[in-house]
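Please read the structure below before turning to the comments.
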There are 4 protein chains.
Amino acid sequence: MSDTKPAEPEKPRRRQARGERRMAQLLEAAASVFCKVGYTSASTNAIAREAGVSPGTLYQFFPNKEAIAVELGERLSHQMHEAHSQVFTEANASLPLPDMMDAIVDPLIEFNCRNPVFLALIHSSDVPGKVVEEHDALHAALLARVEGLISVFAPGLPADGRTRTAEMAFALFTSGLELVLAHEGTERDAYAAELKAALLGYLGPRLDPDPASSQRSAARS
Amino acid sequence: MSDTKPAEPEKPRRRQARGERRMAQLLEAAASVFCKVGYTSASTNAIAREAGVSPGTLYQFFPNKEAIAVELGERLSHQMHEAHSQVFTEANASLPLPDMMDAIVDPLIEFNCRNPVFLALIHSSDVPGKVVEEHDALHAALLARVEGLISVFAPGLPADGRTRTAEMAFALFTSGLELVLAHEGTERDAYAAELKAALLGYLGPRLDPDPASSQRSAARS
Amino acid sequence: MSDTKPAEPEKPRRRQARGERRMAQLLEAAASVFCKVGYTSASTNAIAREAGVSPGTLYQFFPNKEAIAVELGERLSHQMHEAHSQVFTEANASLPLPDMMDAIVDPLIEFNCRNPVFLALIHSSDVPGKVVEEHDALHAALLARVEGLISVFAPGLPADGRTRTAEMAFALFTSGLELVLAHEGTERDAYAAELKAALLGYLGPRLDPDPASSQRSAARS
Amino acid sequence: MSDTKPAEPEKPRRRQARGERRMAQLLEAAASVFCKVGYTSASTNAIAREAGVSPGTLYQFFPNKEAIAVELGERLSHQMHEAHSQVFTEANASLPLPDMMDAIVDPLIEFNCRNPVFLALIHSSDVPGKVVEEHDALHAALLARVEGLISVFAPGLPADGRTRTAEMAFALFTSGLELVLAHEGTERDAYAAELKAALLGYLGPRLDPDPASSQRSAARS
DNA sequence: GATGAATGAGGATTCATTCAT
DNA sequence: TATGAATGAATCCTCATTCAT
């Protein structure tokens with residue numbers, strides 16, 4: 001019993017240093033390839049090549065192509081969550097709606113401009129009928145966040161209406177985001193403005209004029 | 001209507017008639033396969049199999065896979081154009097905005113519900129960055145139509161703003177359409193309503209209160 | 001309707017001439033490779049190479065490696081059946097037991113010497129626990145034949161005993177056959193004699209001294 | 001018995017003790033994997049995983065996959081030898097033949113039921129033609145033992161006949177053993193009886209009615 | 001026109017083995 | 001000594017496309 005692991009909790013796996021780096025490297029390479037050719041057309045060999053490693057190495061870290069996308073999606077999801085969780089502060093708690101929209105959407109746009117794979121991943125389960133299980137987790141998680149936001153700002157909506165509104169708003173956002181990412185410089189900004197206008201136009205009439213701030217703080221989680 | 005071969009009793013070239021039938025057969029099969037697995041994952045062999053012909057036959061009508069999508073897109077585009085060109089009549093010329101939106105969008109939704117490939121094709125050039133040349137023709141054509149409509153209803157918009165508005169409205173429409181197609185029955189209707197609400201919310205503030213009917217007739221082309 | 005096949009039953013597929021030849025060629029190549037390295041270690045690429053065709057061609061005729069083995073097994077099974085069905089004639093109906101054994105086993109040995117793959121295929125589902133479904137069909141078919149023979153010569157055996165006897169006799173035969181095939185010339189003959197001796201020694205005491213000839217004729221099917 | 005390291009309290013080299021344990025651990029894992037998927041399909045990575053160690057560790061003890069099988073085979077061979085060397089005692093020296101067969105074969109069957117890898121290893125050089133060098137050592141050793149036994153009980157046989165008889169008996173035994181291992185409970189016992197009957201039927205007529213006991217004692221080596 | 005055979009590069013994935021740490 | 005990362009050739013199989021018949 002004593003030789004199979006003397007239960008020292010601080011060294012479960014030390015050598016992961018190199019491995020952790022490789023994993024990041026592979027995810028970066030995958031991001032690059034996914035952006036270039038899309039998830040479906042991306043080949044694991046191409047990802048490995050882009051990362052400068054052999055195909056076998058890739059499979060030491062990921063069991064298959066999908067796992068790469070999933071891990072990438074989760075990491076970006078967390079990053080985005082962190083970057084976005086500071087949105088609801090007292091500072092913008094009672095802003096007028098357009099400014100509120102800026103406060104919410106601008107960081108999202110910025111994040112996605114810095115991480116264009118994210119959109120590629122969201123679109124990766126693109127075949128409408130064939131839902132790819134694992135891929136949909138990302139979609140579902142994001143949708144849940146949107147639905148949470150909506151339930152804060154429009155608490156009066158019934159459940160099914162809320163889901164539809166969330167789906168629609170999410171669809172609107174991602175498709176607008178695609179336009180934003182397709183342009184650069186001032187054009188990009190102009191499209192960002194369009195996107196926010198569209199969201200405002202769609203969601204504005206559905207929102208409560210003044211939701212309680214206590215409800216808003218609940219959305220911080 | 002006249003170009004779809006309404007059974008002319010003369011027999012100038014029966015081979016071409018048969019060829020036309022084969023082509024339609026292949027396009028139908030392609031539509032089915034594209035819907036099932038998406039353009040990228042669709043194999044020409046699968047299309048030929050679905051059509052009940054050999055791979056060689058397929059290549060007698062289309063030089064490659066993309067040409068199938070292009071031809072399919074063009075045909076559907078024409079069909080949609082025909083189905084939609086009757087929208088602007090005196091009857092709905094001066095309807096209130098929401099009814100006008102119904103009059104414009106409902107036929108489009110209906111058409112896409114009957115021809116779900118269309119959306120698959122629009123999304124077929126899925127990689128945001130990598131524009132696939134040929135595929136984009138469809139996108140460009142549709143966009144031009146949207147831009148035409150917008151220039152009718154909002155003639156005050158400058159050219160670049162009009163393009164952006166058109167792109168945004170088109171993106172909004174296609175992404176909403178995806179939701180519509182993903183549901184059935186009353187849910188589908190509800191999503192259609194949501195989509196129209198989004199379009200109204202986005203476009204409403206940009207539209208002229210009363211565009212001249214003469215300009216409207218120009219949109220029929 | 002008339003162009004999709006005017007129902008002429010004599011030309012369902014004509015071009016199979018070349019294909020049929022290829023198939024035989026591939027099966028021959030597979031036989032060779034299976035003999036050389038065994039089923040498990042045989043690669044489809046190696047089979048294609050041996051047949052002088054590209055990997056893709058192989059897959060035009062067989063969906064996977066197992067299908068090759070199955071088809072090969074079935075063809076050989078039929079051949080053996082034909083070569084063996086003439087064993088029961090009046091000539092040897094009432095031979096003494098050892099001569100009867102010669103009459104039955106010698107053609108089997110000869111067949112297997114001419115087609116050594118057969119034994120390789122029988123052994124192909126070799127992992128004891130993991131029964132490979134399709135492969136077992138061959139095993140089951142052969143076993144059934146053995147059981148049939150036994151029920152003719154030893155009609156008094158109960159069902160479970162008959163199955164066990166059949167399994168044992170079959171195992172004995174195949175393992176002895178392996179020895180036979182491993183040698184050549186007079187050595188081979190000597191091993192064949194040993195094999196028959198073993199079968200006689202095992203089955204002799206179980207057999208009826210004089211089974212009715214009517215029952216024997218039933219085994220010809 | 002003395003070579004299995006019966007816990008000597010001195011500590012000349014503890015590393016080797018630990019190494020010995022690792023080795024046993026690895027061999028046990030290999031046995032498990034070989035049984036589950038067969039030798040050919042067993043991967044060294046799978047064995048290492050089953051043993052709870054890294055691939056590198058495995059290669060610190062064995063130069064390659066085959067060496068694992070060889071070592072495993074040798075150890076089991078020794079164990080079997082020990083378990084079997086006590087068979088020839090005065091008690092059963094002059095038993096009637098069937099009882100003698102029980103006395104010899106039953107322990108072998110029992111041993112193989114407890115160590116099913118053994119059979120897997122014997123069959124591991126499965127391709128009849130392609131003798132795998134190292135693997136055959138096991139085969140040769142076992143065969144030699146069988147030949148020894150036969151030369152005791154049938155001293156009159158000429159050398160080549162003896163070899164053939166030994167090969168045949170060995171083949172018969174291993175193939176019957178496979179059947180035994182494939183069943184459980186009373187079925188297993190029934191197959192064991194069948195196996196012994198087959199061996200008796202084959203070897204019985206070849207054995208001397210009363211071999212000298214001095215010769216028997218020679219078989220103990 | 002139609003067929004189906006042929007191609008061969010490329011896809012995901014595995015595996016025995018080696019090596020830096 | 002143990003680890004786990006690294007390798008790269010080899011595995012099965014697919015696919016867009018071509019070609020002889």
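Labels below follow one simple rule: chain letters A, B, ... track the order of the sequence lines, proteins then strands, and each chain is numbered from 1.
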Do [X] and [Y] make a side-chain contact, defined as non-hydrogen atoms from C-beta onward lying under 4.5 Å apart?
X        : Y        : result
Gln60(C) : Arg22(C) : no
Thr44(D) : Phe62(D) : no
Ile68(C) : Leu26(C) : no
Arg75(A) : His78(A) : no

Under the side chain to side chain donor-acceptor pair (under 3.5 Å) test, residues paired with [X] that sit two or more places apart:
X        : answer
Ser54(A) : Thr57(A)
Ser77(B) : none
Thr40(C) : none
Glu28(B) : none

Spacing of [X] atom [atom1] relative to [N] atom [atom2], expressed in whole Å:
X        : N       : atom1 : atom2 : value
Met23(C) : dA5(E)  : CE    : P     : 10 Å
Ile47(B) : dA16(F) : CD1   : P     : 8 Å
Arg21(C) : dG4(E)  : CZ    : P     : 16 Å
Phe61(A) : dT7(F)  : CZ    : C1'   : 13 Å
Leu26(D) : dT1(F)  : CG    : P     : 14 Å
Gln25(C) : dA5(E)  : CD    : C1'   : 12 Å
Gln60(B) : dA16(F) : CD    : C1'   : 16 Å

With a 4.0 Å cutoff (strictly under), does any side-chain N or O of Arg22(C) reach OP1 or OP2 of dA6(E)?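 It does, given that an N or O in the side chain of Arg22(C) lies less than 4.0 Å from OP1 or OP2 of dA6(E).
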Please check the phosphate of dT7(F) (OP1 and OP2 only) for any side-chain N or O of Ser54(A) closer than 4.0 Å.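 For Ser54(A), the contact criterion (side-chain N or O under 4.0 Å from OP1 or OP2 of dT7(F)) is met.
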Tabulate atom names and distances for all N/O pairs under 3.5 angstrom spanning the protein and nucleotides 11-15 of chain F.
unit_1	atom_1	unit_2	atom_2	d
dC12(F)	OP1	Ala42(C)	O	3.1
dC12(F)	OP1	Thr44(C)	N	3.3
dC12(F)	OP2	Thr44(C)	N	3.1
dC12(F)	OP2	Thr44(C)	OG1	3.4
dC13(F)	OP2	Tyr59(C)	OH	2.7
dC13(F)	OP2	Lys65(C)	N	3.3
dC13(F)	O5'	Tyr59(C)	OH	3.4

Would you mind classifying the nucleic acid contact of Phe62(B) as base, sugar-phosphate or nothing, using non-hydrogen atoms under 4.0 angstrom?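 No contact.
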Find the runs of at least 3 consecutive base pairs, i with j, i+1 with j-1 and so on, that include DNA chain E, using Watson-Crick or G-U wobble geometry with both distances under 3.5 Å.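 Stems (3+ consecutive pairs) listed as E:2-21 with F:2-21.
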Nearest to the side chain of Arg18(A), heavy atoms from C-beta on, is which of dA5(E), dT3(F), dA5(F)?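 Nearest nucleotide to the side chain: dA5(F).
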Identify whether NZ of Lys or CZ of Arg in Lys65(C) sits under 6.0 Å from the centre of the six-membered ring of Phe34(C) and within 45° of that ring's axis.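 Geometry flag: not set, cation outside 6.0 Å or 45°.
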